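Read the structure below first, then the notes.
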2 protein chains.
Amino acid sequence: MTSNPTESLIQLDTSSLVDKVEANLVKLLVERKLRVGDIIPTELDLSRSLGVSRTVVREALLRLRMMGLIDTKKKKGSVITSPDIFGIMSKSMNPHILDQDTLREIFELRLVLEIGMADLLFQRVTPKDIEELKEIVKTEPDTAKDHIFHIDHEIIFHGKLYEIAGNETLKRFQKMLLPIFDYVHNSGLLKKPAQIQKFVSHKGLVDILENGSPELFRNGMRNHLENHFLRIFS
Amino acid sequence: MTSNPTESLIQLDTSSLVDKVEANLVKLLVERKLRVGDIIPTELDLSRSLGVSRTVVREALLRLRMMGLIDTKKKKGSVITSPDIFGIMSKSMNPHILDQDTLREIFELRLVLEIGMADLLFQRVTPKDIEELKEIVKTEPDTAKDHIFHIDHEIIFHGKLYEIAGNETLKRFQKMLLPIFDYVHNSGLLKKPAQIQKFVSHKGLVDILENGSPELFRNGMRNHLENHFLRIFS
DNA sequence: TAGTCTTATTATGTTATACATAATGCTAAA
DNA sequence: TTTAGCATTATGTATAACATAATAAGACTA
């Protein structure tokens, strides 16, 4: 027992009707173990059985739709879909909307991911992957060359790495982060300017992936990203 | 020019009215550079100036609200808020809703994060942090002891690490992942059972953080998480 | 005058109804 | 049998009305 005067107060329910209906529907999906492709009742049915207006049901369904839990088609009604945890998130991933701190943090997040995923890579990489990577780095442009082309090449190479990692969630996450990363990289947001200095190259990374170890790869990737690290650690 | 017969077809606009209004509103927020706390027009005003029904405006606003772009209060109207990129996502982070593959991938994601964040740690750790970590590991329970207590301790220790990393986005992301990680860890989802074998301890990690380098820490953390890695690499 | 209580106002929350629209399925004609 | 056309159905949109909560304005009291 504390002397906190709010101790005995009951947490009162400030949730709106829509909130309740939403929770109800989610519970329904979970408890009834509905599978992907199953159809849920129509808005009118739901509004009748839940005793609320169709408007409220609609708003709740809209939320589920935004969560990626359902997909609603005309006439058919709503069907359960495999939830897409990044679906909605990508919509708010707008550099112009996010504040500077968040932008910088997302920039960092990408670096963290690429260094940390070494073990996944070594576990799942195949000889075919190595060949493909070699093919990619063969056309590696000079850093001094066309900037846009350079960026494109970066995306292809690192994208391939994520593919090898065999983690779709990770891949989609980075794909969402990428535009932000690029934006931060090119905006004047980071105080230190970008260096053109060259550290471990893509070619070097492929070599490590073929003959080295996760430890070596982590260090190699860390070094490869040195230019970016230099910019955030001022 | 290809012989693709669909080549010359125009991608027609299947977006609903709500979609358009939503896009319009986001554009408004971005272009007008509205700041946090600013009030946007009332639903009725918007419906009048956009020439659509209040219903449509409401649905669009609901979406913005779900994206964490606005917060709407009665009477006041809607005010801009600092967008919360994980806000909505955490709602769909329900182990019972996500499919098995995604669950496993999220499990992996946590491992990636903790190994990859070494540089952030070393850059931002303070002597005070080290002291606090030492205090935490001092009460480190024996692995054989109470399981719940052990989990709690895990969360406290690793949570402190995220705090030191000084990346709020990263921290919030992991906080969201944690329940899923726990669920996967304790469910029969992973084929291999959990080992009670002990590798690099929390104490060992603190020692590295105090006297070592990012490279050493990455390897130490990798080793510390060995039990988990053993389970996903079957 | 300052402070509090009451009342009016206002914008969102909710309901109800009607019609538009698109997808599906059925039916009848070629 | 195929296809064109129609009926059906569930979502999309519009409108109007009232409920509710937060705020502001006004009135009343100390």
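These numbers come from a predicted model, not from an experiment. Chain letters run A, B, ... following the sequence lines, proteins first, then strands; residues in each count from 1.
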Stepwise side chain to side chain contact (heavy atoms under 4.5 Å, CB included) check, B:Leu190 with B:Phe107: CA-CA 10 Å; B:Leu190 298 174; B:Phe107 187 86; 3.8 Å; yes
Closest-nucleotide 5' rank along DNA chain C - winner of A:Lys73 and A:Thr55: A:Thr55
Polar side-chain atom of A:Asp182 near backbone of A:Pro179 as donor-acceptor pair, under 3.5 Å: no
Residues that A:Thr72 engages under side-chain hydrogen bond (donor to acceptor under 3.5 Å, both in side chains), provided they are two or more places apart: none
Pairing residues for A:Tyr162 by the side-chain hydrogen bond (donor to acceptor under 3.5 Å, both in side chains) criterion, not counting sequence neighbours: A:Glu114
Gap between atoms CD1 and C1', on A:Ile39 and D:dT9 respectively (whole Å): 13 Å
Closest-nucleotide 5' rank along DNA chain C - winner of A:Lys74 and A:Val18: A:Val18
For A:Leu17, all residues meeting side-chain contact (heavy atoms from CB on, under 4.5 Å), sequence neighbours excluded: A:Val52, A:Val56
Distance-only polar pair, side chains of A:His202 and A:Glu154, donor-acceptor under 3.5 Å: yes
Of the listed nucleotides D:dA17, D:dA14, D:dT11, the one nearest the side chain of B:Arg54: D:dA17
Aromatic plane relationship, A:Phe173 with A:Phe86 - under 30° parallel, 30 to 60° tilted, over 60° perpendicular: parallel
Set of residues satisfying side-chain contact (heavy atoms from CB on, under 4.5 Å) with respect to A:Glu168, sequence neighbours excluded: A:Lys171, A:Arg172, B:Glu105
Inter-end axis angle, the helix from C:dT1-D:dA30 to C:dA30-D:dT1, with every axis fitted to five base pairs (rounded, 10 degrees): 0°
Boundaries of the DNA chain C segment in contact with chain B, non-hydrogen, under 4.0 Å: C:dT9 to C:dT14
Whole angstrom value for the distance that separates C1' of D:dT8 from CG of A:Leu44: 15 Å
Residues from residues 58-69 of chain A lying under 4.0 Å of DNA chain C - heavy atoms: none
With A:Glu132 via side-chain hydrogen bond (donor to acceptor under 3.5 Å, both in side chains) - residues at least two apart: A:Lys128, A:Lys160
Gap between atom CD1 of A:Ile136 and atom NE2 of A:His158 - 0.5 Å precision: 10.5 Å
Sequence neighbours excluded, every pair satisfying salt bridge (charged side-chain N to carboxylate O under 4.0 Å, His left out) that has a member inside residues 64-75 of chain B: none
Sugar-phosphate only, base, or nothing, as touched by B:Thr72 at under 4.0 Å among non-hydrogen atoms: sugar-phosphate
Sugar-phosphate, base or nothing in reach of A:Thr42, heavy atoms under 4.0 Å: sugar-phosphate
With sequence neighbours excluded, residues passing side-chain hydrogen bond (donor to acceptor under 3.5 Å, both in side chains) with B:Asn24: none
Pairing residues for A:Leu178 by the side-chain contact (heavy atoms from CB on, under 4.5 Å) criterion, not counting sequence neighbours: A:Ile155, A:Gln174
Pairs under 3.5 Å (N/O, protein and nucleotides 25-27 of chain D):
none

